[in-house]
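Scope of the values below: all heavy atoms of this structure, side chains included, with no hydrogens, waters or symmetry mates. Just so we're on the same page: letters track the sequence lines, and every chain starts at 1.
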Amino acid sequence: MNQRNHAMTTEPQTTLPQDENQIITERRAKLKAIREKGIAFPNDFERKHLAANLHAEFGEKSHEDLEAAQIHVAVAGRMMLKRVMGKASFATAQDVSGRIQLFVSNDNTGEAAHAEFKHYDLGDILGAEGVLFKTKTGELSVRVTKIRLLTKALRPLPEKFHGLTDQEQKYRQRYVDLMTNEETRNTFLIRSKIVQAIREFFARHDYLEVETPMMHVIPGGASAKPFVTHHNALDMPLYLRIAPELYLKRLVVGGFEKVFEINRNFRNEGLSTRHNPEFTMIEFYEAYRDYRYLMDFTEKLFSEVARKVLGTTVINYQGKELDLGQPFHRLTMVQAIQKYHPQFSDAQLNDRDFVINELQDLKAKYKPEDGLGGLQLSLFEELAEAHLFEPTFIVDYPVETSPLARASDTRPDITERFELFIVGREIANGFSELNDPEDQEARFDAQVAAKEAGDEEAMFKDADYVRALEYGLPPTAGEGIGIDRLVMLLTDAASIRDVILFPHMRPE
RNA sequence: GGGUCGGUAGCUCAGCCGGUAGAGCAGCGGACUUUUAAUCCGUUGGUCCCGAGUUCGAAUCUCGGCCGACCCA
């Protein structure tokens with residue numbers, strides 16, 4: 001019965017425009033001929049060598065040394081370039097590590113095999129065996145004795161010199177982008193190294209890596225609109241998580257005193273060069289620490305990751321230089337506003353009416369019901385945020401916009417919270433955690449009231465989370481870092497889509 | 001949501017003061033045994049994003065729409 005239900009649901013499907021063309025037709029005919037001769041997609045070629053390893057090991061050897069050594073190799077890869085010259089040909093094969101040149105000739109490969117090779121197309125995947133040698137110009141190459149077509153490519157590669165440049169196609173058909181653009185491959189190699197370096201950092205600090213639910217009954221831990229899905233068996237709505245925060249802190253309650261999770265969050269918001277609906281965050285929590293410790297810890301993390309991945313802490317972002325190895329600036333919101341707008345006095349920026357006036361003059365978005373802190377935050381976002389190019393911690397966030405953060409002991413209207421801005425973008429958010437269950441419950445109630453008053457991004461009340469706090473959360477500090485934005489910074493990427501393999505796109 | 005730019009051959013792009021579409025690469029055929037985006041000769045290939053309007057005639061001008069990139073909110 002359930003199966004019937006499933007069968008009756010509409011299956012998502014994609015239909016691509018009819019795009020057969022002369023080239024594809026030609027290649028289909030070639031494939032048909034290959035099928036008629038035998039196995040068209042063989043899987044018995046034994047690849048023994050990678051291009052980059054061969055260059056590293058034998059690239060410096062002389063022509064004579066190579067001839068004397070007679071090094072037999074078996075390489076495989078996609079044919080990216082092809083130069084046919086009658087009785088001999090050159091081809092460039094690309095594997096995961098790089099490229100190696102193949103020399104195919106009547107003399108070494110045989111006339112029949114060479115004749116067949118001439119009909120191979122750019123993009124085809126080849127396997128070749130032969131002996132290493134150096135060409136006249138000194139390029140390490142394989143003098144091919146055997147060559148086979150392993151996979152016929154039916155679709156042509158983009159133009160060989162410019163590669164794929166159309167941004168939309170680079171995102172939609174990332175596989176084509178990856179096979180043609182070294183820069184794209186490099187971006188995602190760096191991304192992988194960044195994540196690896198982060199894991200190493202946390203492992204060395206004795207953190208436990210955990211996985212908490214992606215599907216939440218109550219979406220919590222951030223102020224954002226969630227995606228909704230439906231659980232059939234339980235017949236109830238579920239929300240894709242907007243943050244793992246509340247679950248990670250439950251783990252600290254349970255006694256895992258240092259935890260982190262690197263995974264996706266989902267926020268049902270617009271798309272931009274800085275926003276993708278699913279994005280990767282690391283969140284981490286450590287007991288018996290506060291937000292000041294986190295700031296120092298974050299500086300260490302960023303400079304270590306940069307040094308490991310790029311070999312330096314000095315990075316160039318969109319033509320401007322910054323150093324992740326220097327201590328980051330630390331400013332309050334008011335100080336940050338004054339840094340770029342010194343005409344405002346402390347008295348003015350602490351005058352509610354004055355701030356509202358400024359916001360109105362700037363035609364800025366703000367919530368009129370906000371207290372001074374919330375209004376200052378709106379003004380900060382309007383006047384200062386985009387200018388914070390060098391790493392800067394902004395501190396003293398108002399209680400009303402920080403419902404999970406511990407309030408200051410000296411100023412009850414602000415929290416022990418910071419956000420880190422680099423190149424004008426928010427990249428991290430951390431605070432001393434609110435571990436007073438009664439205060440937390442009151443803050444949730446205030447959020448619920450705001451939601452009922454129409455604030456779609458206000459938080460839901462999570463009663464079990466309050467119950468967990470009632471068992472006792474030790475004093476704890478926690479932080480989230482946007483991995484995509486960090487990768488943008490370290491790969492000099494202008495758009496978040498450039499650092500996400502398959503960014504969200506409107507369906508074709 | 002607003003602004004700017006763009007959508008022409010498989011790819012990279014010309015053509016856009018209206019006269020019915022071009023180059024390079026890729027493909028196909030030919031020459032060429034050390035090329036490097038090989039070169040040379042020949043050649044196939046188009047829903048000029050979609051729709052409407054203006055006009056004798058629209059890739060080109062006008063309007064509407066779709067899609068994308070960038071900037072702004």
Side-chain angles (χ1 to χ4, degrees), chain A residues 16-31 33 51 55 63 66-67 78-94 98-111 113-115 117-124 130-144 152-173 176-177 179-182 269-275 318 359 362-366 378 381-383 385-386 424 493-498 503-508:
Chain A
L16 291 173
Q18 196 67 31
D19 65 346
E20 287 285 324
N21 59 54
Q22 186 193 10
I23 292 175
I24 295 176
T25 305
E26 189 77 46
R27 292 189 180 199
R28 282 194 197 281
K30 287 182 183 177
L31 176 59
H55 285 294
H63 179 76
L66 287 171
E67 290 302 331
R78 191 181 296 279
M79 181 162 70
M80 303 305 290
L81 294 169
K82 180 187 173 193
R83 299 175 285 281
V84 175
M85 302 169 303
K87 298 187 179 64
S89 302
F90 286 95
T92 302
Q94 176 173 289
R99 293 180 169 196
I100 184 103
Q101 180 167 261
L102 308 177
F103 179 68
V104 183
S105 64
N106 285 2
D107 288 351
N108 300 288
T109 324
E111 210 168 323
H114 185 219
F117 166 82
K118 290 179 187 175
H119 294 287
Y120 292 175
D121 292 298
L122 293 185
D124 286 354
V131 176
L132 288 181
F133 78 111
K134 283 236 167 133
T135 63
K136 268 187 193 168
T137 53
E139 179 167 350
L140 185 70
S141 307
V142 180
R143 189 186 292 117
V144 172
K152 184 72 196 165
L154 294 176
R155 288 176 182 270
L157 291 178
E159 202 259 351
K160 65 187 170 191
F161 186 58
H162 298 93
L164 190 60
T165 64
D166 183 72
Q167 278 301 333
E168 181 183 359
Q169 221 179 322
K170 279 162 70 81
Y171 299 147
R172 286 193 192 278
Q173 292 183 264
V176 179
D177 187 26
M179 70 179 82
T180 17
N181 294 325
E182 164 105 50
E269 292 159 3
L271 302 157
S272 79
T273 48
R274 290 177 287 283
H275 297 91
Q318 307 289 297
L359 286 167
L362 291 161
K363 299 192 171 86
K365 263 197 303 191
Y366 70 96
S378 297
E381 286 170 355
E382 193 69 23
L383 294 178
E385 181 171 329
S495 169
I496 196 168
R497 291 181 163 191
D498 295 326
H504 186 75
M505 301 287 282
R506 202 182 288 267
E508 278 182 86

Once side-chain hydrogen bond (donor to acceptor under 3.5 Å, both in side chains) is applied, do any residues pair with [X], and if so which ones, sequence neighbours excluded?
| X | result |
| --- | --- |
| Arg274(A) | none |
| Gln167(A) | Tyr171(A) |
| Thr273(A) | none |
| Gln169(A) | Gln173(A) |

Across all strands shown, which nucleotide pairs with [N] by Watson-Crick or G-U wobble geometry, both distances under 3.5 Å?
| N | answer |
| --- | --- |
| G18(B) | none |
| G1(B) | C72(B) |
| U47(B) | none |

Between the protein and nucleotides 44-46 of chain B, which nitrogen or oxygen pairs are less than 3.5 angstrom apart?
{"from": "U44(B)", "atom 1": "O2'", "to": "Gln22(A)", "atom 2": "NE2", "distance (Å)": "3.3"}
{"from": "U44(B)", "atom 1": "O2", "to": "Gln22(A)", "atom 2": "OE1", "distance (Å)": "2.6"}
{"from": "U44(B)", "atom 1": "O2", "to": "Gln22(A)", "atom 2": "NE2", "distance (Å)": "2.4"}
{"from": "G45(B)", "atom 1": "O4'", "to": "Gln22(A)", "atom 2": "OE1", "distance (Å)": "3.3"}

Can you tell me if the side-chain N/O atoms of [X] get under 4.0 Å from OP1 or OP2 in [N]?
| X | N | value |
| --- | --- | --- |
| Lys87(A) | U33(B) | yes |
| Lys160(A) | A38(B) | yes |
| Arg83(A) | A38(B) | yes |

[X] [atom1] to [Y] [atom2] distance, which is reported to the nearest 0.5 Å:
| X | Y | atom1 | atom2 | answer |
| --- | --- | --- | --- | --- |
| Ser89(A) | Leu102(A) | OG | CG | 10.5 Å |
| Gln101(A) | Thr135(A) | CD | OG1 | 6.0 Å |
| Leu132(A) | Ser141(A) | CG | OG | 8.5 Å |

Quiz item: Counting heavy atoms not belonging to Glu182(A), are there more than 12 under 6.0 Å from its CD?
Solution: no
Mind checking [X] for me? I need base, sugar-phosphate or nothing, with any heavy atom below 4.0 Å counting as a touch.
| X | answer |
| --- | --- |
| Lys136(A) | base |
| Thr165(A) | sugar-phosphate |
| Lys118(A) | nothing |
| Leu81(A) | sugar-phosphate |

Rounded to the nearest Å, what distance is computed from the [atom1] atom of residue [X] to the [atom2] atom of nucleotide [N]?
| X | N | atom1 | atom2 | result |
| --- | --- | --- | --- | --- |
| Leu164(A) | C25(B) | CG | C1' | 14 Å |
| His162(A) | G10(B) | NE2 | P | 18 Å |
| Lys30(A) | A26(B) | NZ | P | 13 Å |
| Leu140(A) | U34(B) | CG | C1' | 14 Å |
| Met85(A) | U35(B) | CE | C1' | 5 Å |
| His114(A) | U35(B) | NE2 | P | 15 Å |
| Leu122(A) | U12(B) | CG | P | 16 Å |
| Glu159(A) | C25(B) | CD | P | 9 Å |

Report yes or no: is there a donor-acceptor pair, N or O only, under 3.5 Å between the side chain of [X] and the base of [N]?
| X | N | answer |
| --- | --- | --- |
| Thr135(A) | U35(B) | yes |
| Asn106(A) | U33(B) | no |
| Glu139(A) | U34(B) | no |

Quiz item: Excluding sequence neighbours, so at least two apart, what forms ring-ring contact (aromatic ring centres under 6.0 Å, His included) with Phe117(A)?
Solution: Tyr120(A)
Quiz item: Who passes ring-ring contact (aromatic ring centres under 6.0 Å, His included) against Tyr366(A), sequence neighbours left out?
Solution: none
Quiz prompt | First of Phe133(A) and Val84(A) reached from the 5' end of RNA chain B, by closest nucleotide | solution = Phe133(A)
Exercise. For Lys134(A) and for Leu157(A), find the nucleotide of RNA chain B with the closest heavy atom, then tell me which residue's nucleotide is more 5'.
Key: Leu157(A)
Exercise. Counting heavy atoms from C-beta on, name the nucleotide in U33(B), G27(B), G10(B) closest to the side chain of Asp121(A).
Key: G27(B)
Quiz prompt | Test side-chain contact (heavy atoms from CB on, under 4.5 Å) applied to Arg99(A) - qualifying residues, sequence neighbours left out | solution = Met80(A), Leu81(A), Thr92(A), Gln94(A)
Enumerate all atom pairs, one protein N or O and one N or O from nucleotides 41-43 of chain B, separated by less than 3.5 Å.
none

Practice problem: Quick one: list whatever passes salt bridge (Lys or Arg N to Asp or Glu O under 4.0 Å) with Lys87(A), sequence neighbours left out. | Solution: none
Self-check item: Contact state string [nucleotides 65-73 of chain B, B base, S sugar-phosphate only, - no protein heavy atom under 4.0 Å]
Solution: --SSSSS--
Quiz item: How would you list all residue pairs meeting salt bridge (charged side-chain N to carboxylate O under 4.0 Å, His left out) that involve residues 159-171 of chain A, not counting sequence neighbours?
Solution: Glu168(A)-Arg172(A), Lys170(A)-Asp177(A)
